[in-house]
Amino acid sequence: MRISYPTILFLVFSLGIFTGFAQEPTLSKQEAMTLALENNFGIKVARNQVEIAENNQSILNSGFLPTLTANAAATYNRDDITVEFPGQLDENGQPRPDFELNKAEAQRYNTGVTLDYTLFDGLGRLYNYKSLQEQYELTELQARETIENTMLQLFSVYFEVARLTENVNVFRQALEISRDRITRAEYAFEYGQNTKLDILNAQVDVTNDSINLLNAKQQLANAKRDLNVVLNQNLNETFAVDTVVNFIPRLELDEFIATAKENNVALLQTEKNLKINEYDIKVSRSGYLPTIGLSGSYGWNLNQNPPSAFFPGTNNTTYNINFGARLTWNLFDGGSTAVRVKNAKIAFENQDLLKKQIELEVDRDILNALQIYENRLAIYAIQEQNVITNENNFERSREQFQLGRITSIEFRQAQINLLNAQTNKNLSKYDAKLAELQLLQLTGQLLNIEL
């Protein structure tokens, strides 16, 4: 099936390439960060983990509080009793009759409260409590790492939307220029100043520019949906983004790099893990020491017994209070405590080695990130100058083309060169900004700056 050029133009217009779109609300960088912090699934999970760690480091989970136990019981018996007295005579010298007791009911009730408290357990509770506090702070750091990674993901997609938005504008301008060429070529053909070939060349360029614009618009729509996933909002939510990019002054970056070891989240996590391992050693050593505890109880008992052949029915009530102290010292546990202490020391040594390794890796990553950032920033400066050069070249080529001094092919080449320069500049701008954000993450400052 062959499609005519007027049909192509109709399809292009119907798809909204030349017509304006309704003004979309602008989603600023700060608003995107706020939405991600509130709605992102990964961040929500991380915050729940922090809440769990906060519960674990509470005094209620420390073992410092006493235990109070209540118990109660009730027993009910019902018996039919027959007692025989073979060979026994009553006071009248007659055989003693059998004693029968039907539906003899007996009830027993008891209740009590027991209090138990450990006064001393070799300081194991104390160091375990401190370890739980360190684990809570470690979980906060892990949540911060999750937030930082999510912010990088967010801005990677956000800047992709911004880049494609600028590319759509570039392709739209290129298409308008190609359409203007068709109009000029048709007028020139009517006055005999050129051939039909110039019109056909312009139509081919319009077709190619239309396809480029459609592809860019489709990529932009996909990128916006990707951003909606990160923000956890309706996938069909439409918005515009801020395409302005500001870079942090180099002097400020140098200050961030100088304090990276105090702020890098990976290094801070290794320090917390080292502290936790140190407490693990002390908890293991508590097994060498005795345990001292107190206990007390209060009880109430009620026994209701039916009458028997020899005793009348009785009701007995008992109250009791007990207090006690205990000392437990495991003088030799087969060596398990010694093994735990040795293993805890080895784990501490391994964590110290891991910390040194991470310190070296962070230093390397910062140097690499800084060099990548400087390289991309330099490329961006070159691409900016390249756009200026190609804009001047294109304007002169357009003047020469309108005067008939260069061919449409030469003019088209100048237009393509400008288009490539503009899209390359857009790419290099956002690449440089992402490199800066990665450097900020390594220095621990990603969440402390305004973009």
Side-chain angles (χ1 to χ4, degrees), residues 45-46 48-71 73 112-146 264-299 321-362:
V45 170
N48 286 338
Q49 295 295 333
V50 171
E51 188 173 351
I52 291 174
E54 184 177 9
N55 293 335
N56 288 338
Q57 62 102 35
S58 168
I59 190 68
L60 299 176
N61 192 45
S62 65
F64 278 109
L65 300 179
T67 60
L68 185 64
T69 306
N71 59 79
V113 178
T114 302
L115 178 70
D116 191 81
Y117 183 62
T118 301
L119 288 175
F120 180 76
D121 67 342
L123 300 178
R125 290 178 305 177
L126 175 63
Y127 294 126
N128 185 62
Y129 178 59
K130 291 183 177 181
S131 177
L132 290 174
Q133 291 178 320
E134 295 293 335
Q135 289 174 16
Y136 166 68
E137 294 179 4
L138 174 62
T139 307
E140 284 189 320
L141 291 173
Q142 292 170 343
R144 172 186 152 187
E145 183 178 26
T146 299
N264 179 272
V265 69
L267 289 177
L268 293 175
Q269 288 184 62
T270 60
E271 292 176 358
K272 288 300 176 184
N273 282 319
L274 199 62
K275 195 68 176 177
I276 291 171
N277 284 119
E278 184 179 351
Y279 285 130
D280 287 343
I281 296 175
K282 295 179 179 180
V283 170
S284 299
R285 283 176 176 168
S286 67
Y288 290 128
L289 300 175
T291 300
I292 301 173
L294 297 176
S295 62
S297 64
Y298 173 80
I321 300 176
N322 295 316
F323 292 101
R326 68 181 182 278
L327 184 146
T328 304
W329 197 340
N330 195 345
L331 298 177
F332 181 69
D333 61 357
S336 59
T337 298
V339 171
R340 288 196 299 270
V341 172
K342 289 180 181 179
N343 290 341
K345 288 181 178 179
I346 294 173
F348 178 83
E349 182 181 354
N350 285 342
Q351 188 61 44
D352 188 49
L353 292 172
L354 180 61
K355 178 184 177 182
K356 293 177 181 177
Q357 178 185 351
I358 292 179
E359 285 178 345
L360 185 62
E361 291 175 351
V362 168

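Residue numbers run from 1 in the order of the sequence given. Here the structure is a predicted model, which is why all the values come from computation and not from measurement.
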Here the pair of heavy atoms bringing S295 nearest to R326 is CB-NH1, 4.4 Å
Got a donor-acceptor contact below 3.5 angstrom from the R125 side chain to the T118 backbone? yes
Tell me the closest heavy-atom pair linking F120 and P290, and the distance in Å. CD2-O, 3.4 Å
What is the minimum heavy-atom distance between L65 and L60, and which atoms define it? CD1-CD2, 3.7 Å
Exercise: identify the closest heavy-atom pair between Y117 and F64: CE1-O, 2.9 Å
Among side-chain atoms of Q133 and E137, is any donor-acceptor pair under 3.5 angstrom? no
Tell me, do I346 and N350 make a side-chain contact under 4.5 Å, heavy atoms counted? yes
Are R144 and L268 packed together at the side-chain level, in the sense that at least one heavy-atom pair is separated by less than 4.5 angstrom? yes
In sequence, state the C-alpha distance, the side-chain angles, and the governing distance for L327 and T291, and then conclude on side-chain contact (heavy atoms from CB on, under 4.5 Å). CA-CA 6 Å; L327 184 146; T291 300; over 6 Å; no
Any side-chain donor paired with an acceptor under 3.5 Å for E145 and Q269? yes
Would you call K272-E134 a salt bridge at under 4.0 Å N-O? yes
N/O donor-acceptor pair under 3.5 Å between W329 side chain and I292 backbone: no
How long is the gap from CD1 on I276 to CG on L132, to the nearest 0.5 Å? 9.0 Å
What verdict does the side-chain contact (heavy atoms from CB on, under 4.5 Å) test give for T337 and Y288, after you've listed the backbone C-alpha separation in whole Å, the side-chain angles of each residue and the deciding distance to 0.1 Å? CA-CA 7 Å; T337 298; Y288 290 128; 3.8 Å; yes
Show the nearest heavy-atom pair for residues G124 and V283, with the distance to one decimal. O-CG2, 3.9 Å
When rounded to the nearest 0.5 Å, the distance separating CG of N128 from CG of D121 is 9.0 Å
Nearest 0.5 Å, what's the CG-CD distance between L138 and E271? 11.5 Å
Can you find a pair of side-chain heavy atoms, one from L115 and one from T67, that are under 4.5 Å apart? no
Candidates N56, V50, N55 - the one meeting side chain to side chain contact (heavy atoms under 4.5 Å, CB included) with Y136: V50
Please confirm whether the backbone N or O of Q142 pairs with a side-chain atom of T146, one donor and one acceptor, at under 3.5 Å? yes
For the atom pair OG (S284) and NZ (K342), what is the distance rounded to the nearest 0.5 Å? 13.0 Å
Carefully, step by step, assess L123 and K282 under the rule side-chain contact (heavy atoms from CB on, under 4.5 Å). CA-CA 8 Å; L123 300 178; K282 295 179 179 180; over 6 Å; no
Do T69 and D116 come within less than 4.5 Å of each other through their side chains, counting heavy atoms only? no
Evaluate D333 against S336 for side chain to side chain donor-acceptor pair (under 3.5 Å), listing each step before the verdict. CA-CA 6 Å; D333 61 357; S336 59; 2.9 Å; yes
Please round to the nearest 0.5 Å and tell me the distance separating atom CG of L274 and atom CG of L353. 10.0 Å
Is there a donor-acceptor pair under 3.5 Å between the side chain of D352 and the backbone N or O of K356? no
Between the CG atom in N264 and the CG atom in L141, the distance rounded to the nearest 0.5 Å is 10.5 Å
Decide yes or no for D280 and S131: does some side-chain heavy atom of the first lie under 4.5 Å from some side-chain heavy atom of the second? yes
Test side-chain contact (heavy atoms from CB on, under 4.5 Å) on L289 and S286 and set out the steps. CA-CA 6 Å; L289 300 175; S286 67; 5.6 Å; no
